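Accompanying notes for the structure given below.
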Amino acid sequence: MRLSEFRRACAEEFGEDYSRVLLRDHWLPKLGMTGEEALERGLQARAVWDALCEDLQVPVGRRHGRGLRDPEK
(Lines give C-alpha, C1' and ligand atoms only; values in the text may rest on other atoms or scores of the structure.)
Protein backbone atom coordinates (compact mmCIF):
# COMPACT_ATOMS: atom_id res chain seq x y z
CA MET A 1 0.00 0.00 0.00
CA ARG A 2 1.45 3.33 -1.02
CA LEU A 3 1.24 6.29 1.32
CA SER A 4 -1.13 8.06 -1.09
CA GLU A 5 -3.42 4.99 -1.09
CA PHE A 6 -3.25 4.90 2.70
CA ARG A 7 -4.26 8.55 3.02
CA ARG A 8 -7.10 8.10 0.52
CA ALA A 9 -8.36 4.99 2.34
CA CYS A 10 -8.27 6.82 5.69
CA ALA A 11 -10.15 9.81 4.28
CA GLU A 12 -12.78 7.60 2.66
CA GLU A 13 -13.26 5.40 5.72
CA PHE A 14 -13.12 8.01 8.48
CA GLY A 15 -13.60 11.34 6.68
CA GLU A 16 -10.97 13.84 5.59
CA ASP A 17 -10.77 15.84 8.82
CA TYR A 18 -11.28 13.02 11.32
CA SER A 19 -8.66 10.82 9.64
CA ARG A 20 -6.04 13.52 10.26
CA VAL A 21 -7.05 13.68 13.93
CA LEU A 22 -6.94 9.88 14.21
CA LEU A 23 -3.48 9.67 12.72
CA ARG A 24 -2.17 12.44 14.94
CA ASP A 25 -3.86 11.61 18.25
CA HIS A 26 -5.17 8.03 18.34
CA TRP A 27 -2.87 5.65 20.19
CA LEU A 28 -2.50 2.30 18.44
CA PRO A 29 -1.70 -0.32 21.09
CA LYS A 30 -0.55 -2.82 18.47
CA LEU A 31 2.16 -0.38 17.34
CA GLY A 32 2.81 1.37 20.65
CA MET A 33 2.48 4.80 19.03
CA THR A 34 0.14 6.93 16.93
CA GLY A 35 -0.29 6.33 13.22
CA GLU A 36 1.55 9.53 12.39
CA GLU A 37 4.51 8.54 14.58
CA ALA A 38 4.58 5.10 12.98
CA LEU A 39 4.70 6.53 9.47
CA GLU A 40 7.40 9.02 10.47
CA ARG A 41 9.49 6.16 11.87
CA GLY A 42 9.27 4.29 8.59
CA LEU A 43 6.62 1.66 9.29
CA GLN A 44 4.83 0.55 6.17
CA ALA A 45 1.52 2.24 5.46
CA ARG A 46 -0.18 -1.18 5.23
CA ALA A 47 0.91 -2.04 8.81
CA VAL A 48 -0.45 1.27 10.10
CA TRP A 49 -3.69 0.82 8.14
CA ASP A 50 -4.14 -2.72 9.50
CA ALA A 51 -3.53 -1.58 13.09
CA LEU A 52 -5.94 1.34 12.69
CA CYS A 53 -8.66 -0.85 11.17
CA GLU A 54 -8.25 -3.48 13.86
CA ASP A 55 -8.33 -0.98 16.71
CA LEU A 56 -11.34 0.90 15.33
CA GLN A 57 -13.15 -2.31 14.34
CA VAL A 58 -13.47 -1.56 10.64
CA PRO A 59 -15.29 -4.53 9.08
CA VAL A 60 -12.94 -6.99 7.41
CA GLY A 61 -14.63 -6.44 4.06
CA ARG A 62 -13.53 -2.80 4.05
CA ARG A 63 -10.01 -3.21 5.42
CA HIS A 64 -8.36 -3.14 2.02
CA GLY A 65 -9.66 0.43 1.66
CA ARG A 66 -12.49 1.62 -0.52
CA GLY A 67 -11.46 1.92 -4.11
CA LEU A 68 -8.22 -0.01 -3.55
CA ARG A 69 -7.45 -3.51 -4.70
CA ASP A 70 -7.91 -6.29 -2.18
CA PRO A 71 -4.39 -7.32 -1.07
CA GLU A 72 -5.55 -10.94 -0.76
CA LYS A 73 -6.30 -11.16 -4.51
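As the structure is a prediction and not an experimental result, all values here were calculated from the model.
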Would you say that [X] contacts [Y] through its side chain, given a criterion of any heavy-atom pair below 4.5 Å between the two side chains?
X     : Y     : result
Leu3  : Arg8  : no
Val21 : Phe14 : no
Tyr18 : Leu23 : no
Gln44 : Phe6  : no

Could you tell me the separation between the [atom1] atom of [X] and the [atom2] atom of [Y], rounded to the nearest 0.5 Å?
X     : Y     : atom1 : atom2 : answer
Gln57 : Leu52 : CD    : CG    : 12.0 Å
Leu43 : Asp50 : CG    : CG    : 11.5 Å
Glu16 : Arg7  : CD    : CZ    : 10.0 Å
Leu39 : Met33 : CG    : CE    : 10.0 Å
Leu22 : Arg24 : CG    : CZ    : 10.0 Å
Cys10 : Glu5  : SG    : CD    : 12.0 Å

Glu37: which residues meet the side-chain hydrogen bond (donor to acceptor under 3.5 Å, both in side chains) condition with it, sequence neighbours left out?
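Glu37 satisfies side-chain hydrogen bond (donor to acceptor under 3.5 Å, both in side chains) with Thr34 only.
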Kindly give the heavy-atom pair with the smallest separation between [X] and [Y], and that separation in Å.
X     : Y     : value
Arg2  : Ala45 : O-CB, 4.2 Å
Trp49 : Glu13 : CH2-CB, 4.0 Å
Leu31 : Ala38 : CD1-CB, 4.0 Å

Restricting to side-chain contact (heavy atoms from CB on, under 4.5 Å), what partner residues turn up for Pro29, sequence neighbours left out?
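Pro29: side-chain contact (heavy atoms from CB on, under 4.5 Å) contacts with Trp27, Asp55.
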For Val48 and Glu36, what are the C-alpha separation, side-chain angles and deciding distance, and is it a side-chain contact (heavy atoms from CB on, under 4.5 Å)?
CA-CA 9 Å; Val48 178; Glu36 193 171 273; over 6 Å; no
Is the side chain of Glu54 donor-acceptor paired with the backbone N or O of Ala51 at a distance under 3.5 Å, no angle test?
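No, because the side chain of Glu54 does not come within donor-acceptor range (under 3.5 Å) of the backbone of Ala51.
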